[in-house]
Amino acid sequence: MGIKVHNSLTRRKEEFIPIEAGRVRMYVCGPTVYDLSHIGHARSAIAFDVIYRYLRYRGYSVTYARNYTDVDDKIIDRARKEGATTEEVSERYIKAYDEDMEALGVRLPTHRPRATETIPEMIEAIKGLIEKGYAYVVDGDVYYSVRRFREYGKLSGKNTEELEAGARVEVDERKEDPLDFALWKKGKPEEPWWPSPWGRGRPGWHIECSAMCIKYLGETIDIHGGGKDLIFPHHENEIAQSEALTGKPFARYWLHNGFVNIEKEKMSKSLGNILTIRDALMLHTPESIRLFVLSSHYRSPVEYSHTTLKEAEAKAERFYRTMLRIKNMFPRALEGSPPEDRLAERLKPFMAAMDDDFNTALTIGLMFEEVSRANRLLDSAPTGRPEEVEEELTTIAGLFKELSGILGVFERWPEAYFNDLKSHAPIPAEEITALIKEREEARRRRDYARADAIRDELREKGIVLEDTPEGTRWFVK
RNA sequence: GGCGGCGUACCCAAGUGGCUAAGGGGGCAGUCUGCAAAACUGCUAUUCAGCGGUUCGAAUCCGCUCGCCGCCUCCA
């Protein structure tokens, strides 16, 4: 009973067996840093962040590399338009990406290589491919000869004849075959360049990932990930280059995440429906964005909309309200920890869900069954047996602690969560507490008309009041 | 045209051969409350796009039809 993963290479769910017992090497294609990252980048990063967290949780020593593509046509274009250098552009957007990831609670990978720091390795790889007859030089450019690699198309399920027939491949007279792709591009005077045996130039996109992957993780890795759109041609080309070069399988398991759609359509510059992570973070908490992403399977497409994000927020609210109840009624349940064997037993269904191709949606669903259970226990507390209730709540809290760490959600103290919302209240907190005080006096006088008027007034501003035996509390809706 | 995926309630969504089709949101009713809110309880899919087939048994496997989406060009 181990972890199963859906492998894009075989299109099947397979048992996950790393090359080296207890150790996992994973590589995920990171951003090309020419602009702010969008919510789709966030999904990919969060999905693989959870995979990374879970593998570590399951006791693997994980070496995880995620690159920055910091040399590319789009970066050059952007720099030219701004009158800036490509370094300035890439530096700015690497920083922005790092900030976005931190805001989203995405843990730092072990290695975060930049393409420009791996140029010597790329040149070596290209030299190797030329020597082995898989690449050829044409006037300062180097191309990979796709047809020499017999297995080309094994990941994307395409065959070279059909690709050729597709005719959407740009025709470049200098290529021996339209399917061939650039390993090294001859530099134009105003573009960044590095010296090479073929003259000044810069690397092609695909060779970057192969070189960085091999440099940091080795010739065969366990997991290679990225968005579904990278399957072809990027990952197909990575396989062709790497396997031709080393003669070894490049990656054992290929994992691909689905898209984030907006209004049923893929985000794209041409449609003008790009939602940046920054914009999303102005509208929603990082936690609700993570919950939104993790509430469906990482391979399915998800629809970003006001409704779906509101539902994610409602989940967070329900969870933290329950935690707040536990903290107020049985604070020791949150301070203590349950016996290990009991915890392990109760974690089983959750582990089974995560083992099944990282089914975070099911895991979250199961967590909410525990939330309901906790609330029932809390309701029963006044008439039930407090010791038993506390014991069970301690177990549930213990479960939540483990799962929160894996998913990267529900990790805060409930007060912190609600105070954060309160800090974004549309009216000052002092004003609200003053109104609450006035309302309490009205209630004491049994002037319910006045009390209700105050409550309604606050409600219109998004402030919800809750009368409890300990007094009136307020929440931001 | 080639390749791949999806279609589960009002919405989101898990489930891919067999206990009552998870969970969240929404709605309705009840308990609680001065009234609310929150929480809890019950109801909201006798059925999984449609039609056939395989099977003792299918949402799950196979075939066809309809609808939606992605890749085939840079793309998470």
Side-chain angles (χ1 to χ4, degrees), chain A residues 8 11 13 28-32 34 37-48 72-74 77 153 156-159 161-170 205 225-234 236 256-261 264-270 274 291-292 295-303 305 307-319 321-322 324-325 349 353 356 359-372 374-380 443 446-449 451-452 455-456 459 464-469 472-475 477:
Chain A
S8 304
R11 294 172 193 82
K13 222 183 263 179
V28 173
C29 291
T32 298
Y34 72 104
S37 295
H38 56 65
I39 197 78
H41 295 105
R43 183 185 194 190
S44 184
I46 291 167
F48 287 103
D72 174 90
D73 292 349
K74 291 193 288 288
D77 283 352
S156 56
K158 301 185 187 305
N159 66 58
E161 282 70 36
E162 279 161 3
L163 281 169
E164 182 107 46
R168 291 179 69 182
V169 185
E170 75 177 89
W205 176 37
K228 268 195 161 77
D229 53 342
L230 295 182
I231 292 173
F232 189 88
H234 186 52
E236 195 69 72
H256 292 101
N257 64 275
F259 288 119
V260 178
N261 295 327
K264 298 248 190 227
E265 276 177 315
K266 178 181 163 176
M267 276 189 286
S268 77
K269 294 253 165 176
S270 52
I274 298 281
L291 266 176
F292 159 69
S295 288
S296 42
H297 191 92
Y298 74 88
R299 286 191 292 115
S300 316
V302 290
E303 176 79 10
S305 70
T307 316
T308 52
L309 265 289
K310 277 289 162 203
E311 286 179 3
E313 271 167 20
K315 279 183 189 168
E317 169 114 6
R318 176 163 163 80
F319 181 86
R321 272 187 185 275
T322 304
L324 192 61
R325 286 187 80 194
D356 186 9
N359 194 335
T360 54
L362 178 57
T363 304
I364 291 168
L366 294 172
M367 283 179 86
F368 278 96
E369 291 186 14
E370 299 293 339
V371 167
S372 292
N375 276 312
R376 281 195 296 272
L377 286 161
L378 290 160
D379 281 1
S380 77
R443 289 180 73 205
R446 297 188 180 253
D447 179 1
Y448 292 121
D452 291 353
R455 190 172 60 197
D456 292 346
R459 182 172 203 113
V464 177
L465 300 188
E466 216 175 287
D467 298 326
T468 75
T472 300
R473 283 205 292 263
W474 63 277
F475 298 91
K477 252 284 176 260

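First the proteins, then the strands, lettered A, B, ... as listed; each starts at 1. Bear in mind the structure is a predicted one, so any value in this text is a computation, not a measurement.
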For [X], answer base if it contacts any base atom (sugar-phosphate contacts may also be present), sugar-phosphate if it contacts only those atoms, and nothing otherwise; contact means non-hydrogen atoms under 4.0 Å.
| X | value |
| --- | --- |
| A:Ser268 | nothing |
| A:Lys228 | nothing |
| A:Val28 | nothing |
| A:Lys310 | nothing |
| A:Tyr448 | base |
| A:Gly227 | sugar-phosphate |

Atom [atom1], compared across [N] and [M]: separation rounded to whole Å:
| N | M | atom1 | answer |
| --- | --- | --- | --- |
| B:A37 | B:A45 | C1' | 30 Å |
| B:G26 | B:C62 | C1' | 38 Å |
| B:G63 | B:C12 | P | 28 Å |
| B:C56 | B:A49 | C1' | 28 Å |
| B:C69 | B:A22 | C1' | 26 Å |
| B:G23 | B:U8 | C1' | 14 Å |
| B:A9 | B:G27 | C1' | 12 Å |
| B:A29 | B:G67 | P | 40 Å |

Side chains of A:Arg318 and A:Asn375 in contact at under 4.5 Å (non-hydrogen atoms): yes
side-chain hydrogen bond (donor to acceptor under 3.5 Å, both in side chains) partners of A:Glu466, counting only residues at least two apart: A:Arg321
Contact state string [nucleotides 8-14 of chain B, B base, S sugar-phosphate only, - no protein heavy atom under 4.0 Å]: ---BSSS
Rounded interatomic separation in angstrom, taking CZ from A:Phe368 and P from B:G25: 7 Å
Geometric cation-pi criterion, A:Lys158 with A:Phe232: 6.0 Å, 45°: yes
Helical stems, RNA chain B - three or more consecutive Watson-Crick or G-U wobble pairs below 3.5 Å: B:1-7 with B:66-72, B:10-12 with B:23-25, B:26-31 with B:39-44, B:49-53 with B:61-65
Euclidean distance, A:Phe259 CZ relative to A:Ser300 OG, rounded to 0.5 Å: 13.0 Å
Distance (rounded to the nearest 0.5 Å) between A:Arg325 CZ and A:Leu378 CG: 4.5 Å
Between A:Glu303 and A:Thr308: side-chain donor-acceptor atoms closer than 3.5 Å: no
Polar contact flag, side-chain donor to acceptor under 3.5 angstrom, A:Asn257-A:Ser44: yes
Side chain to side chain contact (heavy atoms under 4.5 Å, CB included) partners for A:Ala47, two or more places apart: A:Tyr298
N-O pairing of A:Asp467 and A:Arg473 below 4.0 Å: no
Under the salt bridge (Lys or Arg N to Asp or Glu O under 4.0 Å) test, residues paired with A:Arg455 that sit two or more places apart: A:Asp452
A:Asn359 backbone acceptor or donor facing A:Asp356 side chain under 3.5 Å: no
A:Arg299 (side chain) donor-acceptor with A:His256 (main chain) under 3.5 angstrom: no
Most 5' of A:Gly157 and A:Ala312 on RNA chain B, judged by nearest nucleotide: A:Gly157
All N/O pairs under 3.5 Å across the protein-nucleotides 35-40 of chain B interface:
residue	atom	partner	partner atom	Å
B:C35	O2	A:Arg455	NH1	3.3
B:C35	O2	A:Arg455	NH2	2.3
B:C35	N3	A:Arg455	NH1	2.8
B:C35	N4	A:Asp467	OD2	3.1
B:A36	N6	A:Asp467	O	3.2
B:A36	N1	A:Asp467	N	2.9
B:A36	N3	A:Arg455	NH1	3.2
B:A39	O3'	A:Asn375	ND2	3.3
B:A39	O2'	A:Arg325	NH1	3.0
B:A39	O2'	A:Asp379	OD1	3.2
B:A39	O2'	A:Asp379	OD2	3.0
B:C40	OP1	A:Arg318	NH2	3.3
B:C40	OP2	A:Arg318	NH1	3.4
B:C40	O4'	A:Asp379	OD2	2.8

